[in-house]
2 protein chains.
Amino acid sequence: MSGTREKIVEMADKLIRVKGYNAFSYKDIADPLEVKNAAIHYHFPAKSDLGEGVIIHELETFAVQREQWRRLPEDEQLDKLFDVFRRHCKAGNICLIGSLAPDFETLPEDMQGKIQEMTLEILEWVTACLEKGRKKKLFHFKGDAEDRALMVMSNLQSSLLLSRVLGPHVCQRITKRLLEDLR
Amino acid sequence: MSGTREKIVEMADKLIRVKGYNAFSYKDIADPLEVKNAAIHYHFPAKSDLGEGVIIHELETFAVQREQWRRLPEDEQLDKLFDVFRRHCKAGNICLIGSLAPDFETLPEDMQGKIQEMTLEILEWVTACLEKGRKKKLFHFKGDAEDRALMVMSNLQSSLLLSRVLGPHVCQRITKRLLEDLR
DNA sequence: TTTTTTACTTACTGGTAAGTAAGTAGATTG
DNA sequence: CAATCTACTTACTTACCAGTAAGTAAAAAA
C-alpha cells in the first residue's frame with residue numbers, strides 16, 4: 001500500500017468531472033502525481049478499468065454519506081444531497097452521470113453496466129427518500145415518487161451542466177426552487 | 001454549391017449527439033460521405049469551426065421552428081419543443097447543450113461563446129413562452145418565469161442523458177410529468 | 001477564350017494516445 | 001538468508017488524429 005492507487009482514482013475523478021472521460025489522458029494524471037504512465041497501467045490495465053474504479057469509489061462514498069444522514073428527517077437528507085451538488089458546482093465540477101452519459105455509446109460494456117448500477121442506486125435512494133418524506137408530510141408532490149425522483153436527479157444533473165455554461169448562480173436557483181416546490 | 005458542406009454539418013451534428021465532440025474524428029465523417037478528410041478541412045479549417053457550424057445550423061433550425069409555432073397557444077408551443085426532444089430520444093440522440101456542456105472546459109473560446117449564445121437564446125424563448133402562457137392561465141407555477149424556464153430546460157436535457165443510461169421510457173415520463181406540473 | 005475561383009484529392013507531418021515488455025529496488029514471506 | 005511479491009520505471013510500439021502543402025478538374029467570370 002503506497003497511496004498512489006487512491007491518488008490516481010481521485011485525480012481521474014476530478015478529470016472526468018472537469019474535462020470528460022474521452023478528453024483526459026494518462027499524462028494528465030501521471031505528471032501532477034510525478035509517476036510514469038505505466039504506473040497507472042499497473043493499477044488499472046485499461047482506461048476503462050480506471051473509469052470503473054472511479055465509479056466504484058463514488059458508490060462507496062455515497063454509501064458512507066447515506067449512513068451519516070440516516071437519522072435526519074427526509075427533507076434535510078435531500079438537502080444534504082443538494083449540498084453535495086452545490087459544492088461540486090463551486091469546485092467547477094459536474095456530476096459523474098452528467099459527464100459519463102454523453103460518452104455512454106463510446107464506452108465498453110463493463111463501464112456502461114457500472115454507470116447503470118450507479119444511476120439506479122442513486123435513483124432508488126432518492127425515490128425512497130421522497131416516499132418516506134411524503135408520508136411524514138415533509139414533502140408534497142403529485143404523482144409517482146419514482147417519477148419525481150427522476151426529475152430531482154435530472155434537475156441536479158443539469159444544474160451543474162448549465163452552471164458551466166451560464167455561471168454558478170444557475171445551480172443555486174435550481175436547487176432552491178426545487179426544494180421549495182417539494183415542500 | 002455541392003451539398004457536401006451541408007452533409008458534413010449534419011453528420012457532425014449526429015456524431016456530437018451520439019459520441020460527443022471529443023470522441024468523433026474527421027474520419028467518422030469522411031468515410032460515410034466518401035470524401036477525404038482534407039475536404040472537411042476545406043470547409044471547416046479547424047475542428048472548432050465545424051463545432052461552431054453545427055451550433056449555427058441548430059440556431060437556424062430553432063428559429064424556423066419558432067416561427068412555425070408562433071400562432072399556437074403557449075402550452076402547445078411548449079409541447080412542440082418537447083416533441084423535438086422526444087424525437088431525439090427515439091433516435092438515440094442527446095441535445096447539443098447536454099453533449100457540449102461537459103466538454104466545455106476543453107473547447108476554444110469561440111466555441112464556448114457560441115454555446116452560451118445558443119443556451120441563452122433557448123432560455124429566453126422558454127421564459128417568454130412560460131410568462132405569456134401564465135398570463136393566459138394556460139400555465140400555473142410559483143416563482144420567477146426564468147427560474148422555471150431553467151428547470152424545464154434542465155429536465156429536457158437530462159431526460160435525454162438519463163434515457164441513454166436507463167432506457168427511453170425516462171424521457172416519456174419526465175416530459176409528461178413536466179407538462180402536467182405546469183398546467 | 002483565357003483567367004480565376006470553387007471544391008475538392010493526394011500525400012504527408014508532427015504530436016499524442018493507450019498500452020506493453022522487460023527490468024529493478026525494497027518489502028514480505030518461507 | 002533465499003525466494004517471491006509489490007510497486008513501480010525505462011523504453012518502446014502501434015495507431016490514430018488534427019492539420020497542411022501542393023496539385024487538379026470543372027465551372028464561373030472576365
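The sequence lines fix the lettering, A, B, ..., with proteins before strands; numbering per chain opens at 1.
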Rounded to the nearest 0.5 Å, what's the gap from CD on A:Glu76 to CZ on A:Arg71? Could you check?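 That separation rounds to 14.5 Å.
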
May I have the distance from [X] (atom [atom1]) to [N] (atom [atom2]), rounded to whole angstrom?
X	N	atom1	atom2	result
A:Tyr21	C:dA17	OH	P	14 Å
B:Phe44	C:dT6	CZ	P	16 Å
B:Lys19	D:dC16	NZ	C1'	12 Å
A:Arg5	D:dC8	CZ	C1'	14 Å
A:Ile40	D:dC8	CD1	C1'	12 Å
B:Lys36	C:dA11	NZ	P	10 Å
B:Leu50	D:dG19	CG	P	10 Å
B:Glu6	C:dA7	CD	P	10 Å

Nucleotide of [options] approaching [X] most closely (side-chain heavy atoms):
X	options	value
B:Asn37	C:dA18, D:dG19, C:dC8	D:dG19
B:His41	C:dT20, C:dT9, D:dA18	D:dA18
B:Ser25	D:dA18, C:dC8, C:dA17	D:dA18
B:Tyr42	C:dC8, D:dT10, D:dG19	C:dC8
B:Ala38	C:dT10, D:dA18, C:dC8	C:dT10

Taking only side-chain N and O atoms of B:Thr4, does any of them lie within less than 4.0 angstrom of OP1 or OP2 on C:dC8? yes

For D:dA7, take OP1 and OP2 only and decide whether either is under 4.0 Å from a side-chain N or O of A:His43.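 For D:dA7, OP1/OP2 do not have a side-chain N/O of A:His43 under 4.0 Å.
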
Looking at B:Leu33, B:Asn37, B:Asp31, which one forms a side chain to side chain contact (heavy atoms under 4.5 Å, CB included) with B:Val35?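 The option that passes is B:Leu33.
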
Where do B:Phe44 and B:Asp49 come nearest, in terms of heavy atoms and distance? CD2-O, 3.6 Å

Ignoring hydrogens, what is the shortest heavy-atom contact between A:Gln112 and A:Phe104? Give both atom names and the distance.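 Looking at all heavy atoms of both residues, the shortest contact is NE2-O, 2.8 Å.
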
For residues B:Thr106 and B:Asn22, is any side-chain donor paired with an opposing acceptor at under 3.5 Å?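 Note: B:Thr106 and B:Asn22 side chains meet the donor-acceptor criterion.
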
Which sits closer to the 5' end of DNA chain C, A:Asp28 or B:Glu34, going by the nucleotide each is nearest to? B:Glu34

